[in-house]
Structures are given as structure tokens and as C-alpha cells.
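It should be emphasised that the depicted structure is a prediction, and the values quoted were computed from it without experimental measurement.
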Amino acid sequence: MSKIKIRSILENKSNNDKKIYNLLGIKTDNKINYLEENMNVSIIFDNNIKIIRKDEEKEIILEFVNNKYSKCQYKVYGNIYELDIYTNNMIINDNYIEIDYNIEEDNIIFKLYIE
């Protein structure tokens with residue numbers, strides 16, 4: 001377990017919205033945990049990537065499989081909603097993760113730089 005610096009970029013290509021965060025996190029073998037705007041974020045990676053975003057009111061579970069459809073589960077107030085995700089491309093390196101995906105009608109690019 002080691003403390004790391006993270007630069008997280010979430011860009012919605014469909015509406016030109018971009019969020020950039022510089023954060024501290026903890027990395028273990030194949031998992032990164034950090035806090036982003038009161039959301040606990042866990043990224044679990046091997047051949048595929050799972051991102052879990054959780055706060056007191058909701059939980060979002062995104063699973064990414066390169067060039068395949070998968071589901072996003074959105075749990076809020078006791079209800080579960082499922083959205084379709086298509087992963088266009090994933091890059092997983094020691095210090096960098098990039099996921100280009102479509103969720104419903106939005107094209108999203110998520111980048112995570114690890115220092």
C-alpha cells in the first residue's frame with residue numbers, strides 16, 4: 001500500500017464538459033482508492049476495469065471491457081438503474097489509465113495519471 005498523487009480528467013465529448021482533479025490516493029496491487037468531491041472512488045484493474053463511486057446517497061458501478069458492451073449500475077435511494085456502456089478503447093499502464101467509452105448517448109474519456 002502506497003500513497004500516490006492522482007490527476008483525474010473526465011471529459012464528456014458530447015457536451016464539451018471537462019472536469020480535472022488533483023488528488024491524493026492509495027494504491028495497492030491492482031486497486032486505487034481516493035476521495036473526489038465527497039465521493040469514495042475505487043478503481044480495480046486487471047484485464048478489465050471496474051470503477052465504484054460511492055457516497056452516502058448513491059453508488060455507481062461501472063465495468064469496462066475493451067470493445068464490448070457492459071452495464072453501469074446506478075443505485076440511489078433503494079432503486080437500481082442499469083445503463084449500457086460500450087468501451088471503445090482502454091489503455092492500462094503502470095502510471096496511466098485511459099478509458100474511452102459511450103454511456104447512453106454520451107461519449108466520455110476518463111484519464112487517470114498516477115505519480
In chain order, what residues pass the side chain to side chain donor-acceptor pair (under 3.5 Å) check against Lys68, with sequence neighbours excluded?
none
Where do Ile4 and Ile26 come nearest, in terms of heavy atoms and distance?
CG1-N, 4.1 Å
Partners meeting side chain to side chain contact (heavy atoms under 4.5 Å, CB included) with Leu24 (sequence neighbours left out)
Lys5
Working to the nearest 0.5 angstrom, can you tell me the gap between Tyr101 OH and Cys72 SG?
8.0 Å
Run the side chain to side chain donor-acceptor pair (under 3.5 Å) test against Lys58 and tell me which residues pass, sequence neighbours left out.
Asp55
Mind checking what makes side chain to side chain donor-acceptor pair (under 3.5 Å) contact with Glu36, not counting sequence neighbours?
Arg53
Remaining members of Ile44's ILVMFWY cluster at a side-chain heavy-atom cut-off under 4.5 Å?
Ile52, Ile61
Result block: side-chain N/O donor-acceptor pairs under 3.5 angstrom for residues 108-115, not counting sequence neighbours:
none

Smallest heavy-atom separation, Met90 atom then Asn66 atom, equals N-OD1, 3.2 Å
For residues 18-55, the ring pair (Phe, Tyr, Trp, His ring centres under 6.0 Å) pairs (sequence neighbours left out) are none
Tell me every residue that passes side chain to side chain contact (heavy atoms under 4.5 Å, CB included) with Asn93, counting only those two or more places apart in sequence or in another chain.
Ile91, Tyr96
Please collect all salt bridge (charged side-chain N to carboxylate O under 4.0 Å, His left out) contacts where either partner lies in residues 91-109, sequence neighbours excluded, each pair once.
none
Sorted by chain and residue number, the side chain to side chain donor-acceptor pair (under 3.5 Å) partners of Asn33 (sequence neighbours excluded) come out as Ser42
Note: with side-chain heavy atoms under 4.5 Å as the link, the other cluster members for Tyr86 come out as Tyr69
Work out which heavy atom in Leu35 is nearest to a heavy atom in Asn40; give both atom names and the distance.
CD1-OD1, 3.5 Å
Exercise answer: donor-acceptor pairs, residues 75-84 side-chain atoms, under 3.5 Å, sequence neighbours excluded:
residue, atom, partner, partner atom, Å
Tyr77, OH, Glu57, OE1, 3.3
Glu82, OE2, Gln73, NE2, 3.4
Asp84, OD1, Lys71, NZ, 2.6

